[in-house]
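Numbers here simply count residues along the sequence, with the first being 1. Note: hydrogens, waters and symmetry copies are ignored here, and every other heavy atom, side chains too, is used.
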Amino acid sequence: MRLLPISRRGDLRPVLVEGIAARGRGRVAANVAGRSVWFESSDLPLAEAAEAFGSAFLVPAMHARRQLHVPAGGCPTWAANTWRVAETFRDLWYSDAPPPLCIATRQAATTTTPAATTTALCFTGGVDAFHTFLENQQRVDRLVYVVGYDVKLRHRRRAADVSRMIRSIAAEVGTASALLRTNLRQHPLMRATPWVRSFGGALAAIGHLLGDSAATLIVSGDGLGYEHPEVGSRSGTDHLFGSATTSIEHSAPTVTRLEKIRRIAGEPIVKQHLRVCWQNVGDRLNCGRCEKCVRTMLSLEACGALAAFPGFNGGRGLIDAVDSLAEVDDVVSPFYRNLLAAGLTGRAAEGVRRLLARSGKPSVSNRSSSPRPQAGLTSHAAHPGPAERPSSRPAVSPAATRHRLLGPEAFASVCEPLVGKRVGYVRPVGNVGDHLIEMAMAQLFATYGIRWSLVDLDAGPRGIEATDLLVFGGGGNMGTRYGGNHALRGQALATGLPVVILPQSFTSPEDRPFARVYVREQTSLGLHPGGTLAPDLALGLAWPAPAAATRGLGVFLRRDQERGGRKPLFARDPIRLSRTPAEYLAFAARYQQIITDRLHFAVAGLHAGRDVTLVANDYHKNRSMHDTWLADLGCRFAESPAIALHRGRRAA
């Protein structure tokens, strides 16, 4: 999936949520930033819940770099948790967004049993929704669908068709249904924000609107099997959108889409009603031609069940539909590699390989992988994707040699011990360079078939349920210099679970009872002799080759405590110019020659094939990383920016 652009609008006014009031029994409206937003239902009364509107507009406000202001309403639990959600999204996407201001004026009875004891499920009739229902059938009391989310209000015929389908499914399984309508996505702030980021808060809003009709709202995981850095509905944040009386539950975050389809494909109700299409074209609920329809049809074909699904015309025209797709992006391409790894064969498999090839996304071979490379680790490999039942070592596609600095085999010592474990990921405090490491980690874990989820250590035992071990993210913060991360590692150890440190640099010794410690360069290995040398995970990132550079020399130097030596007046700190890993990579790719003391900006330049000189920082990290790995990848080193500039002028 292409990491999404950020808004640079200049409007600094707060996003004010006010005037929340019922408009009859089943309609609630509020004024949000001067525009009316409403929800309505003819099935049940809707609550005048400030939490609903605040949850829905948290990400859109952050995307616009405006403060969300909910001056009245909301319980203290929700108001406090909103800060925690915002901090997560600041780390992911919006580092300069102001924190929300949510004033809890409704004192909820947090110690008593909620009036409602029922459970509702967000239900669209898709794979994720059916899987969640079938896995939780005994506790789901109501299926909830919102017209205006995936089907637009103006598509009245399709909305009516989907609504009838939801009613029919609810009647067949003997549960209640509730249909809502809303103009939420028509609001300018919502329209300006990628739905893939904002939909988690929009789904949580449903739970608050149900009020006394439900105590818990279940939201389905997306079937990736891991937390993609661009997806806003996450196991680590969805529950924080809840309140003292409404719980939001994120279901099955580590179960892949193919696993879900295998579970549900034999159910008669699924065969009759499965609906995955969001294109909203033609008379059929599934068009059979869009990417999501094609992906689902291929998954059913891999399970040998496609012919039994009349909603997809029994699979007729599948190969033509695959070949009609222009390309697939980074977030869905793992689904296709998963199908090949799971044994999809014949014309369907060949069609998938052609699709991945024209998308610049190499496929995962069904054959055994090539041997692990020896010292030097110079091999290259395919763009990763989750495997259904992978071997301990991933397959390699020689067609993608330009996409990685180091192939996934270089990270076998890190990844192989995690295969088959339920891994909880502890995200360090960091900047966009650390987010680049995390993005590479997600790709490598998917390649090795490692199931993982982001954990919330502040949630106590609930935050580490169904977790075998914790991994602490890679970077350069071992030791006591960065107190926040040092304390976070202590918090992880206090859970009693084994804690694995992903490849790190040490600023000072840190002798604590970690299960395993991976060290990313030789000098730090001297500070932790019991560690295992392994590359920085960002060196294993898979990223498409960029276009030609449009600028010549760029000098980019840090402004924080790690800055070494004098800084030229014209130099800029790249982490202040990019807020996502994709922007970081694209920004580096603009320049033909880069001089920087930001380690991961140098790595970004190497990914782009640029002429990179890494300058020393104030401790051993940069020099040691250069000597251990980067020199072999074509990177130069200089003790100071002046030396690097002088060398560049002489070369010119």
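By the 4.5 Å heavy-atom criterion applied to side chains, His69 and Val15 are not counted as neighbours. Inter-residue side-chain proximity for Val127 and Val276 is flagged as met; some heavy-atom pair is nearer than 4.5 Å. Counting only heavy atoms from C-beta outward, the side chains of Leu179 and Ser42 never approach each other to under 4.5 Å. When side chains are defined from C-beta on, Leu285 counts as touching Met165, because their heavy atoms get closer than 4.5 Å. Residues Trp452 and Val471 form no side-chain contact, since every pair of their non-hydrogen atoms from C-beta on lies 4.5 Å or further apart. A 4.5 Å side-chain heavy-atom check between His208 and Phe53 finds every atom pair outside the cut-off. Contact annotation: the side chain of Val85 never approaches that of Val59 to less than 4.5 Å [non-hydrogen atoms, C-beta and beyond]. Looking at Asp468 and Leu497, their side chains never come closer than 4.5 Å, going by heavy atoms from C-beta outward.
The neighbour count for Arg84 CZ, taken as heavy atoms of other residues, nucleotides or ligands under 6.0 Å away, is above 12.
Side chain of Glu18 to backbone of Val32: no donor-acceptor contact under 3.5 angstrom is found. With Gln504 contributing its side chain and Gly476 its backbone, the two residues share a donor-acceptor pair below 3.5 Å. For His63 (side chain) and Ala192 (main-chain N/O), a donor-acceptor pair under 3.5 Å exists by modelled atom type. Between the side chain of Asp238 and the backbone N or O of Ile248 there is no donor-acceptor pair closer than 3.5 Å. A donor-acceptor contact shorter than 3.5 Å is absent between the side chain of Thr246 and the backbone of Ser243. Side chain of Thr193 to main chain of Leu189: a donor-acceptor pair is present (N/O by atom type, distance under 3.5 Å, no hydrogens or angles). Judged by distance alone, with hydrogens and angles left aside, the side-chain atoms of Arg197 form no donor-acceptor pair with the main-chain N or O of Gly232 at under 3.5 Å. Of the possible polar contacts, none joining the Asp96 side chain to the Arg576 backbone as a donor-acceptor pair under 3.5 Å is found. Between the side chain of Ser41 and the main chain of Asp43, a donor-acceptor pair closer than 3.5 Å is present.
Between Thr182 atom OG1 and Leu153 atom CG the span is 7.5 Å, to the nearest 0.5 Å. The line from CG of Leu240 to OG1 of Thr88 is 7.0 Å long, rounded to the nearest 0.5 Å. Taking CD of Glu40 as the reference point, atom CG of Leu180 lies at 8.5 Å (rounded to 0.5 Å). With rounding to the nearest 0.5 angstrom, the CD1 atom of Ile575 is 6.5 Å from the CG atom of Asp560. One distance of note links CG of Asn286 with OG1 of Thr296; it measures 7.5 Å at 0.5 Å rounding. Rounding to the nearest 0.5 Å places OG of Ser95 at 9.0 Å from CG of Asn431.
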Go through Val432 and Glu583 one step at a time and tell me if the side-chain contact (heavy atoms from CB on, under 4.5 Å) criterion holds. CA-CA 9 Å; Val432 68; Glu583 285 192 343; over 6 Å; no
Starting from the C-alpha separation in whole Å, work towards a yes-or-no answer on side-chain contact (heavy atoms from CB on, under 4.5 Å) for Lys260 and Asp128. CA-CA 7 Å; Lys260 293 180 179 183; Asp128 300 320; 2.8 Å; yes
side-chain hydrogen bond (donor to acceptor under 3.5 Å, both in side chains) for Ser55 and Trp78? Distances and angles first, verdict last. CA-CA 9 Å; Ser55 298; Trp78 173 80; 3.1 Å; yes
List the steps and the verdict of side-chain hydrogen bond (donor to acceptor under 3.5 Å, both in side chains) for Tyr145 and Asp150. CA-CA 10 Å; Tyr145 177 74; Asp150 65 334; 2.6 Å; yes
Show your reasoning for whether side-chain contact (heavy atoms from CB on, under 4.5 Å) applies to Arg257 and Arg295. CA-CA 10 Å; Arg257 184 69 53 80; Arg295 187 189 343 141; 3.1 Å; yes
Give the C-alpha distance, both sets of side-chain angles, the deciding distance and a yes or no for side-chain contact (heavy atoms from CB on, under 4.5 Å) between Phe57 and Leu184. CA-CA 9 Å; Phe57 278 93; Leu184 175 70; 3.4 Å; yes
I'd like to know whether Tyr149 forms a side-chain hydrogen bond (donor to acceptor under 3.5 Å, both in side chains) with Arg181, so could you lay out the CA-CA distance, the side-chain angles of the two residues, the decisive distance to 0.1 Å, and finally the verdict. CA-CA 9 Å; Tyr149 278 7; Arg181 299 175 71 252; over 6 Å; no
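Ion pairing between Arg263 and Glu259 fails under the 4.0 Å rule for side-chain N and carboxylate O. Under 4.0 Å is where a charged nitrogen must lie from a carboxylate oxygen, and between Asp456 and Arg234 no such pair does. Salt bridge absent: Arg427 and Asp434 never bring a charged side-chain N and a carboxylate O closer than 4.0 Å. A salt bridge links Asp161 with Arg164: the distance from a Lys NZ or Arg NE/NH1/NH2 to an Asp or Glu carboxylate oxygen falls below 4.0 Å. Salt bridge Arg167/Glu172: absent, no basic N to carboxylate O contact under 4.0 Å.
Closest approach of Asn136 and Ser251 over heavy atoms only: ND2-OG, 4.1 Å. Nearest heavy-atom pair across Leu537 and Ala440 is O-CB, 3.2 Å. Closest non-hydrogen pair, Ile206 versus Cys122, comes out as CD1-SG, 4.0 Å. In terms of heavy atoms, Gly424 sits closest to Val455 at CA-CG1, 3.4 Å. The two residues Ala129 and Thr124 come nearest to each other via the heavy atoms CB-N, 3.8 Å. Minimum heavy-atom separation, Ser220 to His250: O-CE1, 4.4 Å.
There is no side-chain donor-acceptor pair under 3.5 Å between Arg35 and Gln186.
Using bins of under 30°, 30° to 60° and over 60° for the plane-to-plane angle, the ring pair Trp195/Phe199 lands in the tilted bin. Relative orientation of the Phe587 and Phe601 rings is tilted, given thresholds of 30° and 60° on the angle between their planes.
A cation-pi arrangement is present between Arg489 and Phe472, with the terminal nitrogen or guanidinium carbon under 6.0 Å from the aromatic centre and inside a 45° cone about the axis. Stacking of Arg23 on the aromatic ring of Trp38 is not recorded, the 6.0 Å distance cut-off and the 45° axial limit not both being met.
Taking the six-membered ring for Trp and the full ring otherwise, the centers of His273 and Phe130 sit at least 6.0 Å from each other. Between Tyr584 and His600, the distance from one ring center to the other does not fall under 6.0 angstrom.
Of the residues listed (Arg558, Arg563, Arg598), the one engaging Asp573 in a salt bridge (charged side-chain N to carboxylate O under 4.0 Å, His left out) is Arg598, and it is the only one. Only one option out of Val144, Ile218, Ile166 pairs with Phe123 in a side chain to side chain contact (heavy atoms under 4.5 Å, CB included); it is Ile166.
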